[in-house]
Amino acid sequence: MEFPTLRAVQDELAALLNEARTEDGGHDVAKIRSITGTNAEKLAKIKALNARVAELKAMGHAAENLGGGNLSGDGARRYESAPLGGTKGVAPSIGQGSRQWAQEAAQVLTKAAEKHGVKALTSGAVDAPTMVRTGLFAMPTNPARLLDLIVDRQSVPGNEYEYLRQTVRTDNAAAVADFATKPTSIYTVASIPDRVRVYAHLSEAIPLRLFADHKDLSGFLESEMSRGVLDALEADIVSGATGGQNVVGTLETSGVGTTAYNTSVPVTLRKARTAMENAHEAPTAWVLNPTDAEGLDLLTTADGEYVVDGSGYVNVFGNIPKIVSTSVPAGTALLADWNQCRLIVRQGTTIDADRSGALFDTNTVKLRAEGRFGFAVNRPAAFRVIDLTP
């Protein structure tokens, strides 16, 4: 086994001992006493080297027991590390030890860069903290935005995907006499092919010095650009047109229920809820535009009292959560069972940085936020579009 560190220590020890070696190859006790008696430093060094030789030999034996091969680093031992969340271990080979060191060094450098506000300032792709979880999870108690309502999220491995959409639901279950033919209920589904869509935008060119002068700039831009991608996606989930590069929204999905304006906004909303109850649907949330939410908040009775201060809105909205979102056009509201749709995620939001070309000459950087998403309405009957315009 190649062991250069051990060999170097042994050579140094041999050089010291050669000073006390006689012509016949033996050791002159008087010379050894002379060396050690007149130079305490040499004596200490000989003892230290002897101890180091023993230590390195023990390491060599331990390495052989782990599978042999050349040792990494300076030849003394394999690279040891303490992974995050784990225990200290030994890499089984030079290659793996080098990779392990590189990974941990990269983590340290990344954390240091983030700490000093210079994350992602070299050209290349950098994963941003994802703002779209995948899988099934519970809806938040107080959803803040429309995307919070979509609890069914699916990762897909490619550009295309396919899902089932229910087009007919007719319940014909009934009491049946002995030997009578049981009634048939109709639950028709259709296979819908689709593809994920790219949502992206760029930043303007930003002087690189600003990242060094303002430590929070990197996180600020990352948050703003990620939010911009999700806002665009949300808007299309509601009203995305067919035939474009966007996902097709619920307003454009065939089979979605509608409720026309009737008498007033509160009356119209209450009738939409009644229609859902009659259809045996269980809506999970309302979504209103800020302008319409404001109109409801400022609505007064004949006595000048704000309706919002009384129990009127409890009768209108029931116990169904209500969120306000600019994704819904003014004059329109949505009431839906948001469990009956699915968000498709091919690529979560990533932030890319570029300093090449003319940007290098001006010492500036441009950022790009991008994600790839799809949207599927599995049961259009569980969605209702409400017209709030007289």
Linking I/L/V/M/F/W/Y whenever their side-chain heavy atoms sit closer than 4.5 Å, directly or via other members, would [X] and [Y] fall into one cluster?
| X | Y | value |
| --- | --- | --- |
| L343 | L334 | yes |
| I351 | L202 | no |
| Y161 | L164 | no |
| V196 | V198 | no |
| I192 | V247 | no |

Worked verdict on N378 versus R342 for side-chain contact (heavy atoms from CB on, under 4.5 Å)
CA-CA 7 Å; N378 302 105; R342 179 178 300 157; 3.9 Å; yes

Within this structure, what is the [atom1]-[atom2] distance for the pair [X] and [Y], rounded to the nearest 0.5 Å?
| X | Y | atom1 | atom2 | result |
| --- | --- | --- | --- | --- |
| F383 | D337 | CZ | CG | 7.0 Å |
| D292 | D297 | CG | CG | 11.0 Å |
| H201 | L367 | NE2 | CG | 9.5 Å |
| D216 | S223 | CG | OG | 11.5 Å |
| L230 | L147 | CG | CG | 6.0 Å |
| T326 | L146 | OG1 | CG | 10.0 Å |

Please answer whether the main-chain N or O of [Y] pairs with a side-chain N or O of [X] as donor and acceptor at a distance below 3.5 Å.
| X | Y | value |
| --- | --- | --- |
| R270 | N315 | yes |
| T253 | G249 | yes |
| D171 | A173 | no |
| D148 | R145 | yes |

Name the residue from [options] that meets the side-chain contact (heavy atoms from CB on, under 4.5 Å) definition with [X].
| X | options | value |
| --- | --- | --- |
| L335 | V385, V287, I320 | I320 |
| V265 | L288, I386, T389, L388 | L388 |
| N159 | R197, R346, R372 | R372 |

Taking it one step at a time, do I237 and S327 satisfy side-chain contact (heavy atoms from CB on, under 4.5 Å)?
CA-CA 8 Å; I237 284 175; S327 299; over 6 Å; no

Any side-chain heavy-atom pair of [X] and [Y] under 4.5 Å:
| X | Y | answer |
| --- | --- | --- |
| L221 | F211 | yes |
| L251 | V256 | no |
| T332 | V238 | no |
| Y313 | L299 | yes |
| F375 | D236 | no |
| T258 | D387 | no |

If I compare all heavy atoms of P283 with all of M276, which pair ends up nearest, and what's the gap?
CB-CE, 4.1 Å

Starting from the C-alpha separation in whole Å, work towards a yes-or-no answer on salt bridge (Lys or Arg N to Asp or Glu O under 4.0 Å) for K366 and D354.
CA-CA 5 Å; K366 291 184 74 171; D354 185 25; over 6 Å; no

Within 6.0 Å of CD in E294, more than 12 heavy atoms from elsewhere:
no

Ring geometry between F373 and Y199 (parallel below 30°, tilted from 30 to 60°, perpendicular above 60°)
tilted

Walk me through whether E281 and R384 qualify under salt bridge (Lys or Arg N to Asp or Glu O under 4.0 Å).
CA-CA 10 Å; E281 298 291 350; R384 183 159 292 269; over 6 Å; no

Using side-chain contact (heavy atoms from CB on, under 4.5 Å), reason through W286 and L269 one step at a time and then give a plain yes or no.
CA-CA 10 Å; W286 303 82; L269 293 171; 3.7 Å; yes

Does one side chain, of D303 or T301, offer a donor that lies under 3.5 Å from an acceptor on the other?
no

The test is side-chain hydrogen bond (donor to acceptor under 3.5 Å, both in side chains); show your working for S191 and E162 and say whether it passes.
CA-CA 7 Å; S191 178; E162 190 176 65; 3.0 Å; yes

